[in-house]
Peer 1: 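Sharing a structure below in C-alpha cells format, with a few things to ask.
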Amino acid sequence: MHQDFSALSEIIVRRRNIKPAQMNGQSIPEEQIVQLLHMADWAPTHGRTEPWRFYVFAGDKVRQFCADHAEMRRKAAPDLSQESYDRLSSMGDKASHVILAVMRRGHLPKIPQLEEVLAVGAALQNLWLSAESLGIAVYWGTGGSVLEPEMKEYLSLREEDLVVGALYLGYTDEPVKPGTRNVPVSEKIHWM
C-alpha cells in the first residue's frame, strides 16, 4: 500500500465527533486554526464558486456566542426547557474555538444549491481530517438555532445563504472509541 494512502486511511478511520463536554479547555494556537481553514479552502467546488465561509469565535467570544445562541433559541422557542437553554449556553465552556460554517451562494445560478452545500461539506471534511492529524478534537453540531433563520440573521447572511453547522474545536484527554459501521460496505455498493 502506498505510504500516503496508509497515513490518510488511518486519519479517516480514526476521526470522531467529540462532544464539547469531553474537551479539556486547552487553547488551540491560532496558527493551527489558520492552517485548518487553509486546508478547508482546498475543497472541490463546481465553477470555482468556493461557497464556504467561516465565522470564527475564540477566547471570550466562544462564551459570548454560546450565550447569544441560547438566547436566540429561547426567543424562537419560548417553551425551551431550562435544561436545553443551559446546555446551549455552556456548550463551549471547554472548547477552544467555535467555527460557524456557512454556504454563501455562488454567482453562477446554473450550479444547483445542493452542489454548493456539498462543496462546504467537503471543505469541512478537509478541516476535520486536518484537525485529526494535529490531535485536535472536533464536534459538528446542528442543534439549537444553528440551522434556523435567527442564526442567519445573527450572522447578517443573505436569504440564499445557509448555515451548515457549528464546529466546536478543542483538545480532549479522553480515549477515543474505535469506530464501527452499522451496515457493511458491501451492502452499500452496487456494481453496474
Peer 1: If you compare all heavy atoms of Leu169 against all heavy atoms of Met23, which two are closest, and at what distance to 0.1 Å?
Peer 2: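 Looking at all heavy atoms of both residues, the shortest contact is C-SD, 3.8 Å.
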Peer 1: Thr49 vs Glu116, test: side-chain hydrogen bond (donor to acceptor under 3.5 Å, both in side chains). Steps then yes/no.
Peer 2: CA-CA 8 Å; Thr49 59; Glu116 300 279 71; 2.6 Å; yes
Peer 1: Taking the side chain as every heavy atom from C-beta outward, state whether Arg74 and Leu88 have any atom pair closer than 4.5 Å.
Peer 2: no
Peer 1: Judged by atom type as modelled, is there a donor-acceptor pair below 3.5 Å linking the side chain of Trp140 to the main-chain atoms of Leu124?
Peer 2: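 No: the side chain of Trp140 does not pair with the backbone of Leu124.
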Peer 1: Please answer whether the main-chain N or O of Pro184 pairs with a side-chain N or O of Glu187 as donor and acceptor at a distance below 3.5 Å.
Peer 2: no
Peer 1: Just jot down the salt bridge (charged side-chain N to carboxylate O under 4.0 Å, His left out) partners of Arg158, sequence neighbours excluded, or say none.
Peer 2: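 With neighbours one apart ignored, the set is Glu160, Asp161.
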Peer 1: Enter the distance from Met103:CE to Leu114:CG here, rounded to the nearest 0.5 Å.
Peer 2: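 With rounding to 0.5 Å, CE (Met103) is 10.0 Å from CG (Leu114).
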Peer 1: Minimum heavy-atom separation for Trp52 to Ala43, with atom names?
Peer 2: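 It is CH2-O, 3.2 Å.
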Peer 1: When hydrophobic residues are tied together by side-chain contacts of less than 4.5 Å, even through go-betweens, does Leu134 share a cluster with Phe54?
Peer 2: yes
Peer 1: Please round to the nearest 0.5 Å and tell me the distance separating atom CZ of Arg104 and atom CG of Leu157.
Peer 2: 8.5 Å
Peer 1: Is there a path from Leu118 to Leu147 through hydrophobic residues (I, L, V, M, F, W, Y) whose side chains come within less than 4.5 Å of each other?
Peer 2: no
Peer 1: Could you check whether any side-chain heavy atom of Tyr154 comes within less than 4.5 Å of a side-chain heavy atom of Asp68, counting everything from C-beta outward?
Peer 2: yes
Peer 1: Hey, does Ile99 have a side-chain heavy atom less than 4.5 Å from the side chain of Phe57?
Peer 2: no
Peer 1: For Gly141 versus Tyr139, what's the shortest heavy-atom pair and its separation?
Peer 2: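 It is CA-CE2, 3.6 Å.
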Peer 1: Under a 4.5 Å cut-off applied to non-hydrogen side-chain atoms, are Gln3 and Ser6 in contact?
Peer 2: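 No, side chains not in contact.
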Peer 1: Kindly indicate whether the side chain of Glu148, heavy atoms from C-beta on, has any atom under 4.5 Å from the side chain of Met72.
Peer 2: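 They are not in contact (no side-chain heavy atoms under 4.5 Å apart), so the answer is no.
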Peer 1: More than 12 heavy atoms of other residues, nucleotides or ligands under 6.0 Å from NZ of Lys188: yes or no?
Peer 2: yes
Peer 1: Please check if the number of heavy atoms outside Gln82 that lie under 6.0 Å from its CD is greater than 12.
Peer 2: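 Check passes, neighbour count above 12.
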Peer 1: Does the side-chain hydrogen bond (donor to acceptor under 3.5 Å, both in side chains) test come out yes or no for Arg87 and Ser84, once each step is laid out?
Peer 2: CA-CA 5 Å; Arg87 187 173 51 251; Ser84 294; 3.3 Å; yes
Peer 1: Under a 3.5 Å distance rule, please check whether Ser27 uses its side chain to pair with a backbone N or O of Ser96 as donor and acceptor.
Peer 2: no
Peer 1: Once salt bridge (Lys or Arg N to Asp or Glu O under 4.0 Å) is applied, what residue pairs with a partner in residues 5-15 remain, sequence neighbours excluded?
Peer 2: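 For residues 5-15, and leaving out neighbouring residues, the salt bridge (Lys or Arg N to Asp or Glu O under 4.0 Å) pairs sorted by first residue read Glu10-Arg14, Arg14-Glu132.
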Peer 1: Please name the pair of heavy atoms, one in Ala166 and one in Leu100, separated by the smallest distance, quoted to 0.1 Å.
Peer 2: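 Looks like CB-CD2, 3.5 Å.
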Peer 1: Between Leu167 and Val98, is there shared hydrophobic-cluster membership here, with clusters defined by ILVMFWY side-chain heavy atoms closer than 4.5 Å?
Peer 2: no
Peer 1: I want to check something: taking the side chain as every heavy atom from C-beta on, are Asn126 and Leu36 in contact at a cut-off of under 4.5 Å?
Peer 2: no
Peer 1: When rounded to the nearest 0.5 angstrom, what distance separates CD1 in Ile136 from CD in Gln26?
Peer 2: 10.0 Å
Peer 1: Can a donor-acceptor pair be found, under 3.5 Å and without considering hydrogens, that links the side chain of Lys152 to the backbone of Glu159?
Peer 2: yes
Peer 1: To check you understand the geometry: which heavy-atom pair defines the closest contact between Ala122 and Pro44, and what is its length?
Peer 2: CB-CD, 3.9 Å
Peer 1: Out of curiosity, His38 NE2 to Leu127 CG, how far, rounded to the nearest 0.5 Å?
Peer 2: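 Here the rounded value is 11.5 Å.
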Peer 1: Which heavy-atom pair separates Pro51 from Thr45 by the least distance, and what is that distance?
Peer 2: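 Nearest pair, atom of Pro51 first, then Thr45: CD-OG1, 3.6 Å.
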Peer 1: Atom CG in Leu80, atom OH in Tyr85: separation rounded to 0.5 Å?
Peer 2: 9.0 Å
Peer 1: Find out if a path of hydrophobic residues (ILVMFWY) with successive side-chain heavy-atom gaps under 4.5 Å connects Tyr55 to Met39.
Peer 2: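 Cluster IDs for Tyr55 and Met39 differ.
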Peer 1: When clusters are formed by joining ILVMFWY residues with side-chain heavy atoms under 4.5 Å apart, either directly or through shared neighbours, do Met91 and Ile28 land in the same one?
Peer 2: no
Peer 1: Would the distance check show the side chain of Asp173 and the main-chain N or O of Asn24 forming a donor-acceptor pair, the cut-off being under 3.5 Å?
Peer 2: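 Not at all, since once roles are kept as given, no pair shorter than 3.5 Å links the two residues.
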Peer 1: May I ask you to test the Lys177-Arg16 pair for a side-chain heavy-atom distance under 4.5 Å?
Peer 2: no
Peer 1: Quick one: does His69's side chain have a donor or acceptor within less than 3.5 Å of a partner on Ser145's backbone?
Peer 2: yes
Peer 1: Side-chain contact, heavy-atom cut-off 4.5 Å: Val117 with Leu162?
Peer 2: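 With C-beta onward as the side chain, the pair touches.
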Peer 1: Below 30° counts as parallel, above 60° as perpendicular, anything between as tilted: where do the rings of Phe65 and Tyr168 land?
Peer 2: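 Geometry flag for Tyr168 against Phe65: tilted rings.
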Peer 1: Roughly how far apart are Leu155 CG and Glu150 CD, rounded to 0.5 Å?
Peer 2: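 Output value for this atom pair is 11.5 Å.
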Peer 1: Evaluate side-chain contact (heavy atoms from CB on, under 4.5 Å) for Ile18 paired with Glu174, printing each intermediate quantity in order.
Peer 2: CA-CA 10 Å; Ile18 307 296; Glu174 297 187 25; over 6 Å; no
